[in-house]
Every structure is written in structure tokens, then in C-alpha cells.
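Since the structure comes first, as C-alpha cells, the remarks are kept for the end.
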Amino acid sequence: MNNHLMHVYSEGDGEKTFVFLAGGGTSSPLLDFKPLYCLLSDENRIAVVEKAGYGFSEITDSNRDIHTILHETREALQQAKIEGPYILVPLSMSGVETLYWAQTYPEEVEAIIGLDMAVPSVYEEMDIPMPLIRLGEFIAKTGLIRWLPMLDGSDLMNNKVLKEEDKALYEIVFYRRTLTKNMLNEVKEIKENARVVERGDKPEVPMLLFVSNGEDTGFDSKLWTELQQDFAKIYDQEIIKLDASHYIHHTEFKKIAEEMDEFIERMSSRD
């Protein structure tokens with residue numbers, strides 16, 4: 001993809017194909033989503049796309065505009081021989097890419113299941129602290145990050161689904177893929193990427209939106225919920241509120257998997 005390697009992980013074999021797209025800055029999407037996708041892969045095919053600068057994908061000089069990001073994601077899936085239509089499962093920032101996908105290639109998107117996905121209006125309100133983000137990039141580049149106990153006590157590391165070897169691997173990837181050049185450039189481009197989606201047509205695709213309590217989003221709970229509710233109302237889509245922080249799939253994975261199954265059953269009954 002644009003002369004660099006991207007990692008796509010896949011397991012399971014079923015009629016439906018779920019494509020997981022990570023939130024901005026997630027070091028290891030492969031392991032981050034594991035508590036949730038391992039509950040789905042018995043009856044479905046799942047794929048986790050690790051974008052440039054994430055997980056086992058290479059760090060690149062490619063642009064992080066919405067057109068390039070989507071082109072790379074689609075090509076990665078095609079080269080991995082994972083065919084659509086897809087049920088897209090975006091976390092946070094990937095919500096913008098997912099909506100653009102549904103606008104641009106509607107025949108490829110069967111449904112969207114948002115994991116506290118950041119809708120375009122979020123980026124109208126968000127004041128992005130670039131100096132702090134650049135400081136984080138410096139800490140990661142110089143290796144100082146190894147002295148910071150960022151993983152200790154996290155919901156993911158306390159999750160019993162992950163084996164000890166998974167946790168050890170996550171720690172290795174975390175130190176190599178924290179605030180990479182690609183991640184930083186995504187943040188720089190996100191407001192314009194969100195505006196591109198805002199200017200596009202409303203995608204006609206079923207959606208199920210899981211919404212957190214706002215913790216770790218950078219917004220207070222009331223505003224985060226209002227932005228999500230306004231989006232769901234405009235798009236006439238389902239919303240499920242969870243009393244959990246932003247990475248809802250680390251703690252509420254069983255509830256989410258159950259609701260996803262029911263959502264798919266309802267979709268199938270309408271066909």
C-alpha cells in the first residue's frame with residue numbers, strides 16, 4: 001500500500017465479515033480488540049486492519065488525509081483476500097474514516113457498529129493540544145517512554161482474556177508504536193478529514209452506536225453524550241449507552257458482543 005507494508009489479522013469463517021479499525025494512537029489494534037473479536041469469530045470472519053504506523057505495520061511518509069487512509073485500508077483488505085461487504089467496527093477517530101467509506105463506496109459497507117466512535121462534530125468542538133502531543137512523540141522517540149508505567153493497571157492489561165504472552169507482546173509493540181509519525185500526522189489532518197465527511201452525503205447504512213460515559217475522551221460526560229445523541233438523531237440510528245470509559249471494549253466486551261449479535265439478527269430479519 002503506497003509502497004509500504006500493512007498488517008491485517010484475520011480469523012474465523014462465517015457469512016458476515018467484521019472489520020475492526022482502531023482509535024487514534026492505539027499501539028496494537030490486534031491485541032486491543034482481542035477481548036471483543038474472540039467472542040465473534042466462531043460464527044463470523046473478523047479482520048483487524050493496522051494502519052501505517054500502528055502495530056506490525058510499517059511507519060511511512062504517506063499522507064494522512066482521509067482519501068489516502070481509506071485507499072490504504074481497502075487495498076490492504078483486498079491484498080489479504082478479505083472481500084466485502086463489510087460490517088465496519090470503528091473505535092474513536094476511525095469513525096471519520098468509516099463514514100467516508102460508507103459515503104464513497106456504499107456497496108462495500110453492510111453496516112457500521114461504532115465503539116464510542118468520534119463523529120465529525122466532535123472535531124468541531126475539540127481543541128487538539130498539539131504541543132503536548134509533540135512532547136509525547138519526543139518521549140516515545142527518545143525511549144524515555146520505557147520509564148513511564150503507562151500500561152500498569154490499565155483495563156486491557158487487567159483483562160483475563162489476554163494471555164500472559166499477549167500482554168508481553170503488547171508491551172513490546174507499545175514501546176515501538178506510540179505516537180509514531182503517522183499517528184501525529186493523523187491528528188494534524190483530523191479536523192479537515194472530519195470536514196470532508198461533513199460535506200458529504202448522509203450514508204444510508206444501518207448503524208449501532210455504543211457510547212461511553214465520556215471518560216478519557218477529552219470531553220465532559222454531558223457534551224460527549226449530546227454530540228453522540230445529536231448524530232444518532234440526525235442519522236436515525238440506534239444508540240446504546242454504557243457506563244464505561246472511552247475504550248469500552250476493554251471492560252464491556254461481553255455486553256457489546258451480545259448486542260452486536262442481536263443487531264445482526266435484526267438486520268437479517270429485515271432482508
Check whether [X] reaches the backbone of [Y] with its side chain - one donor and one acceptor, N or O, closer than 3.5 Å.
{"X": "Ser92", "Y": "Gly23", "answer": "no"}
{"X": "Asn193", "Y": "Ile66", "answer": "yes"}
{"X": "Glu72", "Y": "Lys51", "answer": "no"}
{"X": "Lys191", "Y": "Tyr123", "answer": "yes"}
{"X": "Glu189", "Y": "Asp65", "answer": "no"}
{"X": "Asp166", "Y": "Lys163", "answer": "yes"}
{"X": "Ser10", "Y": "Ala47", "answer": "no"}
{"X": "Ser221", "Y": "Asn213", "answer": "yes"}

Look at [X] together with [Y] and state whether they make a salt bridge at an N to O cut-off of under 4.0 Å.
{"X": "Arg64", "Y": "Glu97", "value": "no"}
{"X": "Glu198", "Y": "Arg195", "value": "no"}
{"X": "Glu259", "Y": "Lys241", "value": "no"}
{"X": "Lys222", "Y": "Glu226", "value": "yes"}
{"X": "Glu50", "Y": "Arg177", "value": "no"}

**Study point:** side-chain contact (heavy atoms from CB on, under 4.5 Å) between Leu209 and Phe231, worked out
**Key:** CA-CA 10 Å; Leu209 307 174; Phe231 176 87; 3.7 Å; yes
Inspect the surroundings of [atom1] in [X] and state if more than 12 heavy atoms from other residues, nucleotides or ligands are less than 6.0 Å away.
{"X": "Asp243", "atom1": "CG", "value": "no"}
{"X": "Glu11", "atom1": "CD", "value": "yes"}
{"X": "Glu83", "atom1": "CD", "value": "no"}
{"X": "Asp13", "atom1": "CG", "value": "no"}
{"X": "Glu15", "atom1": "CD", "value": "no"}

Report yes if the side chains of [X] and [Y] come closer than 4.5 Å at any heavy-atom pair, otherwise no.
{"X": "Leu169", "Y": "Ser28", "answer": "no"}
{"X": "Thr180", "Y": "Met183", "answer": "yes"}
{"X": "Thr251", "Y": "Asn159", "answer": "no"}
{"X": "Gln229", "Y": "Lys233", "answer": "no"}
{"X": "Thr217", "Y": "Asp116", "answer": "yes"}
{"X": "Met207", "Y": "Val205", "answer": "yes"}
{"X": "Leu99", "Y": "Ile112", "answer": "yes"}

Do [X] and [Y] land in one hydrophobic cluster if side-chain heavy atoms of ILVMFWY residues count as linked below 4.5 Å?
{"X": "Leu21", "Y": "Tyr54", "value": "no"}
{"X": "Met6", "Y": "Trp101", "value": "yes"}
{"X": "Ile87", "Y": "Phe210", "value": "yes"}
{"X": "Met117", "Y": "Tyr86", "value": "yes"}
{"X": "Val122", "Y": "Leu88", "value": "yes"}

**Study point:** Residue pair Glu262, Lys255: steps toward the salt bridge (charged side-chain N to carboxylate O under 4.0 Å, His left out) verdict
**Key:** CA-CA 11 Å; Glu262 292 180 12; Lys255 168 73 170 173; over 6 Å; no
Exercise for review: Determine, stepwise, if the pair Leu156 / Tyr170 fulfils side-chain contact (heavy atoms from CB on, under 4.5 Å).
Suggested key: CA-CA 10 Å; Leu156 183 61; Tyr170 194 100; 3.5 Å; yes
Restricting to non-hydrogen atoms, name the atom on [X] and the atom on [Y] that form the minimum distance, rounded to 0.1 Å.
{"X": "Cys38", "Y": "Val161", "answer": "SG-CG1, 3.8 Å"}
{"X": "Pro35", "Y": "Phe253", "answer": "O-CD1, 3.5 Å"}
{"X": "Ser212", "Y": "Thr225", "answer": "O-OG1, 4.5 Å"}
{"X": "Glu186", "Y": "Gly24", "answer": "OE1-CA, 4.4 Å"}
{"X": "Gly214", "Y": "Trp224", "answer": "CA-CD1, 3.8 Å"}
{"X": "Phe263", "Y": "Ala111", "answer": "CE2-CB, 4.1 Å"}

Review point. When you look at Ser245 and Asp155, which way does the side-chain contact (heavy atoms from CB on, under 4.5 Å) test go after all the steps?
Key: CA-CA 10 Å; Ser245 60; Asp155 289 332; 4.0 Å; yes
Find the distance between [atom1] ([X]) and [atom2] ([Y]) and round it off to the nearest 0.5 Å.
{"X": "Lys254", "Y": "Glu258", "atom1": "NZ", "atom2": "CD", "answer": "9.0 Å"}
{"X": "Tyr247", "Y": "Thr26", "atom1": "OH", "atom2": "OG1", "answer": "3.0 Å"}
{"X": "Ile234", "Y": "Asp236", "atom1": "CD1", "atom2": "CG", "answer": "11.5 Å"}
{"X": "Ser62", "Y": "Lys181", "atom1": "OG", "atom2": "NZ", "answer": "9.0 Å"}
{"X": "Leu77", "Y": "Glu75", "atom1": "CG", "atom2": "CD", "answer": "10.5 Å"}
{"X": "Arg74", "Y": "Thr104", "atom1": "CZ", "atom2": "OG1", "answer": "8.5 Å"}

Practice item. Under the side chain to side chain donor-acceptor pair (under 3.5 Å) rule, what do His249 and Asp32 come out as? Steps first, then yes or no, please. Key: CA-CA 9 Å; His249 55 292; Asp32 183 81; 2.6 Å; yes
Check your understanding: Centres of the His67 and Tyr100 rings: under 6.0 Å?
Key -> yes
Point to revise | Parallel, tilted or perpendicular, as decided by the 30° and 60° cut-offs, for the rings of Phe20 and Phe18 | key: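 Plane angle between 30° and 60°, so tilted.
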Practice item. Could you check whether the rings of Phe56 and His7 sit parallel, tilted or perpendicular, using 30° and 60° as the cut-offs? Key: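 Phe56 and His7: perpendicular rings.
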Check your understanding: Between Leu36 and Leu115, does a side-chain contact (heavy atoms from CB on, under 4.5 Å) hold up when you go through it step by step?
Key -> CA-CA 11 Å; Leu36 179 55; Leu115 301 177; 4.0 Å; yes
Review point. Does the side chain of Arg266 come under 3.5 Å of the side chain of Ser268 through a donor N or O and an acceptor N or O?
Key: no
